[in-house]
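Written out below as structure tokens is the structure these notes cover.
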2 protein chains.
Amino acid sequence: MTPPPIKVTCSNCNLRELCMPTGLNEQQLHRIDDIVATRRKIKRGSTLFRNGEDFTALYAIRTGFFKTCVATEDGRDQVTGFQMAGEIIGLDGIVHDHHTCDTVALEDAEVCVMPFDRLEELSREVTALQSHVHKVMSREIVREHGVMLLLGSMRAEERLAAFVLNLVQRLHTRGFSSSELVLRMTREEIGSYLGLKLETVSRTFSKFVEEGLVEVKQRHVRILDTEGLKRIVNSQHACE
Amino acid sequence: MTPPPIKVTCSNCNLRELCMPTGLNEQQLHRIDDIVATRRKIKRGSTLFRNGEDFTALYAIRTGFFKTCVATEDGRDQVTGFQMAGEIIGLDGIVHDHHTCDTVALEDAEVCVMPFDRLEELSREVTALQSHVHKVMSREIVREHGVMLLLGSMRAEERLAAFVLNLVQRLHTRGFSSSELVLRMTREEIGSYLGLKLETVSRTFSKFVEEGLVEVKQRHVRILDTEGLKRIVNSQHACE
DNA sequence: CGGCGGATTGAGGTCACTCAACACAAGTGG
DNA sequence: CCACTTGTGTTGAGTGACCTCAATCCGCCG
């Protein structure tokens with residue numbers, strides 16, 4: 001069965017700079033430790049929460065990789081984001097006290113459970129925490145603006161280039177290579193996120209390979225020409 | 001004989017239910033009046049704030065109609081939303097202390113300026129306000145999920161139908177007709193929001209007219225068959 | 001080894017785009 | 001009052017990017 005919940009502290013977590021406010025004093029840091037009630041492990045393929053479930057907590061990803069997706073009544077669904085270590089998920093649930101999207105682990109994962117009532121309580125007392133919560137939500141809004149721009153005005157090549165660059169950049173800030181990455185999601189999931197069909201994603205990858213921009217072996221991607229990818233992203237009609 | 005000037009406050013504002021928390025007691029209500037520092041009038045066509053400007057306040061729309069848009073370096077831009085009375089704008093600015101999008105008045109407008117530091121201060125003391133701020137931000141995140149779904153997986157007719165239904169529904173909750181509306185934006189702005197070209201928007205409107213779903217005379221739209229529009233939105237091709 | 005999910009590639013179709021002409025309303029100045 | 005402009009909206013013809021359908025391939029795992 002599940003092992004007994006392990007008491008963990010933010011104050012000694014190496015992801016602290018990613019998911020918690022910085023510049024706290026000793027006492028504030030210890031108070032923040034109380035926010036994380038438990039950790040929870042999620043097996044690859046299973047959900048952290050589903051559309052319709054009660055909202056009780058935000059989750060900070062400790063390890064692993066997630067996708068979030070929304071669905072229409074008629075069954076279509078749309079991946080709204082991919083999340084990795086240090087990122088916060090569950091913000092969608094605040095407004096109606098239940099979640100409006102599914103969050104699925106794309107590899108075995110572990111999250112810190114932060115009960116939202118406790119988070120609100122403490123952020124009334126610790127200004128830095130309050131500010132942090134606001135910034136986390138605002139960041140998500142800005143991120144989604146970027147996705148809307150991508151979906152609304154870019155062509156396939158631009159979307160995929162932007163996607164790869166974004167992923168590798170985020171991985172880089174987490175200490176990984178800035179030129180190599182392993183995709184944790186299928187072509188279909190990439191396509192759903194980018195508003196493309198999986199075949200188009202595949203073809204576009206192949207085109208990048210032909211042009212010498214990347215090497216692709218299944219889910220392993222090596223970027224050969226970062227600047228070339230950037231040029232694709234911000235030039236509506238690549239003139240070469 | 002002009003009536004004595006009535007000080008406009010949140011506590012006697014008829015939009016209170018839309019932009020402020022409900023269920024406050026007398027004392028809390030008066031404290032909230034202090035949030036609104038000033039009001040600001042914005043002429044049609046001019047901006048409330050621009051990408052890059054310092055973030056200092058959120059704005060509650062009292063009257064008028066806005067669009068927000070983001071832009072790429074190479075000049076393309078994307079309308080990320082249309083906002084009307086009672087809605088809150090400026091949330092994008094919180095994360096980096098400066099705004100990352102433009103907000104333009106599509107008709108003469110007036111907003112309540114709510115300095116964000118004061119809002120944070122008061123929401124540390126008034127729980128209902130804190131909760132409200134969180135919900136406003138979460139609502140924006142959920143709204144954007146919906147737009148991503150629209151941009152990522154719907155065809156032109158579905159997008160436009162969803163757009164019109166959304167607009168008229170929001171107008172209806174503000175006391176306007178649920179079957180008639182005046183578009184405050186151009187076809188091009190609608191297209192930018194929906195990820196379509198203006199010609200496609202125009203053609204799709206014409207198609208709706210042919211099918212007897214709506215009447216369109218320039219920017220005046222009368223909905224003849226709400227159910228028909230809804231059917232277009234969630235069952236265009238429900239085969240998967 | 002065979003089966004299976006995921007990825008690639010090809011051929012053909014279609015929806016939305018591009019380019020272009022025209023319509024229409026409101027405003028401006030003669 | 002009209003001619004002219006300007007901004008906006010409509011419509012048509014042709015094109016192209018992406019989709020659909022289908023076959024095949026690859027890596028993984030029992």
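Naming: A, B, ... by sequence-line order, numbering from 1 per chain.
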- Item | Side chain of Thr200(B) - closest among dC17(C), dA17(D), dG9(D) | dC17(C)
- Query: For the pair made of CG in Leu196(A) and P in dA17(D), what is the distance, rounded to whole Å?
  - Reply: 14 Å
- Message: Ignoring hydrogens and geometry beyond distance, is the side chain of Arg203(A) in donor-acceptor contact with the base of dG10(C) at under 3.5 Å?
- Response: yes
- Task: Check the distance between dC24(C)'s C1' and His220(B)'s NE2 and give it to me in whole angstrom.
- Result: 18 Å
- Starting from P on dT18(C), measure out to NZ on Lys197(B) and report it in whole angstrom. 5 Å
- Among dT8(C), dA17(D), dA16(C), which nucleotide sits nearest the side chain of Arg155(B)? dA16(C)
- Atom NZ of Lys217(B) and atom P of dA25(C): how far apart are they, to the nearest Å? 9 Å
- Query: For dT11(D), does OP1 or OP2 lie under 4.0 Å from any side-chain N or O of Ser202(B)?
  - Reply: no
- Query: Side-chain contact, heavy-atom cut-off 4.5 Å: Leu198(B) with Ile190(B)?
  - Reply: no
- Task: Test for a donor-acceptor pair under 3.5 Å between the base of dT8(C) and the side chain of Arg219(A), counting only N and O atoms.
- Result: no
- Query: Rounded to whole angstrom units, what separation is found between the CD atom of Glu188(A) and the C1' atom of dG5(C)?
  - Reply: 11 Å
- Query: Under the 3.5 Å rule, do the base of dC21(D) and the side chain of Glu199(A) count as making a donor-acceptor pair?
  - Reply: yes
- What does Gly195(B) touch in the nucleic acid at a heavy-atom separation under 4.0 angstrom: a base, only the sugar-phosphate, or nothing? sugar-phosphate
- Taking atom types as modelled, find out whether Asp54(A) and Thr56(A) have a side-chain donor-acceptor pair closer than 3.5 angstrom. no
- Expected output: side-chain Gln78(A) to main-chain Ser192(A) donor-acceptor under 3.5 Å: yes
- Task: Could you go through the ring-ring contact (aromatic ring centres under 6.0 Å, His included) check for Phe55(A) and Phe116(A) one step at a time?
- Result: CA-CA 8 Å; Phe55(A) 165 75; Phe116(A) 191 61; 5.3 Å; yes
- Query: Which whole-number value in Å describes the distance from Ile190(A) CD1 to dG6(C) C1'?
  - Reply: 12 Å
- Item | Nearest-nucleotide pick for Val216(B), side chain only, options being dA16(C), dT10(D), dA7(C) | dT10(D)
- Passing candidate, side chain to side chain contact (heavy atoms under 4.5 Å, CB included) with Leu229(A), options Val168(A), Leu224(A), Leu165(A): Leu165(A)
- Item | Short side-chain N/O contact from Ser206(B) to OP1 or OP2 of dT11(D), under 4.0 Å | yes
- Query: Over how many whole Å does the gap from Arg159(A) atom CZ to dC19(D) atom P extend?
  - Reply: 8 Å
- Atom CE of Met154(A) and atom C1' of dA17(D) are separated, to the nearest Å, by 17 Å
- Message: Checking contacts here: which listed nucleotide (dA17(D), dG9(D), dG6(C)) is nearest the side-chain heavy atoms of Arg187(B)?
- Response: dG9(D)
